[in-house]
2 protein chains.
Amino acid sequence: MAVPRQAPVDKRRIILDAAVRVFAREGFHSCRVSDIANEAGVAYGLVYHYFKSKDQVLDTLFLERWDVLLDAIRETDRQRIPAEDKLTAIAGFIIESYRHDPDLMKVIIVEVTRAANTFGATHIGKIGEAYELIRGVVEKAQNAGEFRSEIPSEFAVMAFYGAIEQVLTGWIFGLLPESDEEYELAKAHIVRTICGGLGA
Amino acid sequence: MAVPRQAPVDKRRIILDAAVRVFAREGFHSCRVSDIANEAGVAYGLVYHYFKSKDQVLDTLFLERWDVLLDAIRETDRQRIPAEDKLTAIAGFIIESYRHDPDLMKVIIVEVTRAANTFGATHIGKIGEAYELIRGVVEKAQNAGEFRSEIPSEFAVMAFYGAIEQVLTGWIFGLLPESDEEYELAKAHIVRTICGGLGA
DNA sequence: AAGCTCATTGACTGACGGGTCAATCCGCCG
DNA sequence: CGGCGGATTGACCCGTCAGTCAATGAGCTT
């Protein structure tokens, strides 16, 4: 009667969730592994029972979430809707991720995505996958005449993703006001800027 | 006959220049202060003679260069030219800074600007000053009817600066091809995307 | 009930690197 | 010449963790 060993509580999950809070609060480099253990209400050594290293905890957090993002982009691209709507959906997904779990997104953005030197190095591939998927959306739109072809899709992606990341960073560091309304406005404004431009 | 004490060589400058190379090569956190001293051909302790801490070396590098950028933006804004040209000038200045001294810009972008958690925290104010100056450019253009007012200037800035930073990051981490021609294209494309939009 | 497996504990170790400081060097001035 | 002050040196100190490991305990299997 194969009773799942992990029936009562999944300590691994508890550790990961605690790590999100600790990384968000203190930063990956400044925090100690013992902080994670304490936050999780678990012994120090248990972290090393489930993870090979402190780095691997962050890796796991990032990969778990980033794969969800990649799937969401792929799924969006599969729809038969205007390219602009696809971009709105992608920006919307990222912003909703932030609204739903700000700590996790903060960690991913601040400690991985924006820290390509320290950590991203390992994950540049994964991050590049997202760029590539979005580039696909843009390129198809250009071929279909929805977007003008004047601007290389590589630049379009940088502008689009750069705008999103910058807005999230603005929220994270208190440079932009945050509220449910602001989140909705951001989705619309980002896409409108990238697709429609600032020009009168 | 006040002979300048520092006549022969300015060791302080030598240390700063060496630090740029070391930070660019190994990253601020991974490198040791002794690496900087070795690169500068100077004794370990001399770094602490001129700087209070390892952090202060990076601080100095950042502030020196960022103030030049702020001045450049202010100077650009003073000109009587179309807002789009101002943005081109600003993007151009940043990209030229990168072309002129890639190591220094790499350090500033990767270790300060994009590392707002670790370091930027101290410099969020300075970074915000740049946003604010650019926002001024956009807002004036909106009031003059050059740019449409539909998009709040705060978002416009995020999109503009985000696009630039993302392109630089792409170069730094080898996600975008680099060449003199690419630099020129980037200036044009970034501004054209932000001002004209992707839409057909 | 005995013994096995595996989660769990937390004290301990060892490396690493930032920062200190006492000593030395050197140009200048009286 | 003698001595002052600032530049320069680099060995050393010392705190800080990441990661280890031997011991404990809880439940399952036979």
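Keep in mind the model is a prediction, meaning the values are calculated, not measured. Letters go in sequence order (proteins before strands), and every chain restarts at 1.
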May I ask you to say what S53(B) touches in the nucleic acid, namely base, sugar-phosphate or nothing, with a heavy-atom cut-off under 4.0 Å? sugar-phosphate
Starting at atom [atom1] of [X], determine the distance to atom [atom2] of [N], rounded to an integer number of angstrom.
| X | N | atom1 | atom2 | answer |
| --- | --- | --- | --- | --- |
| I36(A) | dG19(D) | CD1 | C1' | 13 Å |
| R32(A) | dA18(D) | CZ | C1' | 12 Å |
| L46(A) | dA11(C) | CG | P | 15 Å |
| H29(A) | dC16(C) | NE2 | P | 18 Å |
| K54(B) | dG19(C) | NZ | C1' | 12 Å |
| F28(B) | dG17(C) | CZ | P | 13 Å |
| I14(A) | dA7(C) | CD1 | P | 15 Å |
| N38(A) | dC17(D) | CG | C1' | 14 Å |

Under-4.0 Å side-chain N/O to phosphate OP1/OP2 contact, [X] with [N]:
| X | N | value |
| --- | --- | --- |
| Y48(B) | dG19(C) | yes |
| H49(A) | dA7(C) | yes |
| Y50(B) | dT8(D) | yes |
| K11(A) | dT8(C) | yes |

Hey, is the main chain of C31(A) close enough, under 3.5 Å, to the side chain of K54(A) for a donor-acceptor pair? yes
Side chain of K86(B), backbone of T76(B): donor and acceptor closer than 3.5 Å?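 Not at all, since once roles are kept as given, no pair shorter than 3.5 Å links the two residues.
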Basic-acidic side-chain contact under 4.0 Å: D101(A), R65(A): no
Is it true that E64(A) and R13(A) make a salt bridge, defined as a side-chain N closer than 4.0 Å to a carboxylate O?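 Looking at E64(A) and R13(A), the cut-off is met.
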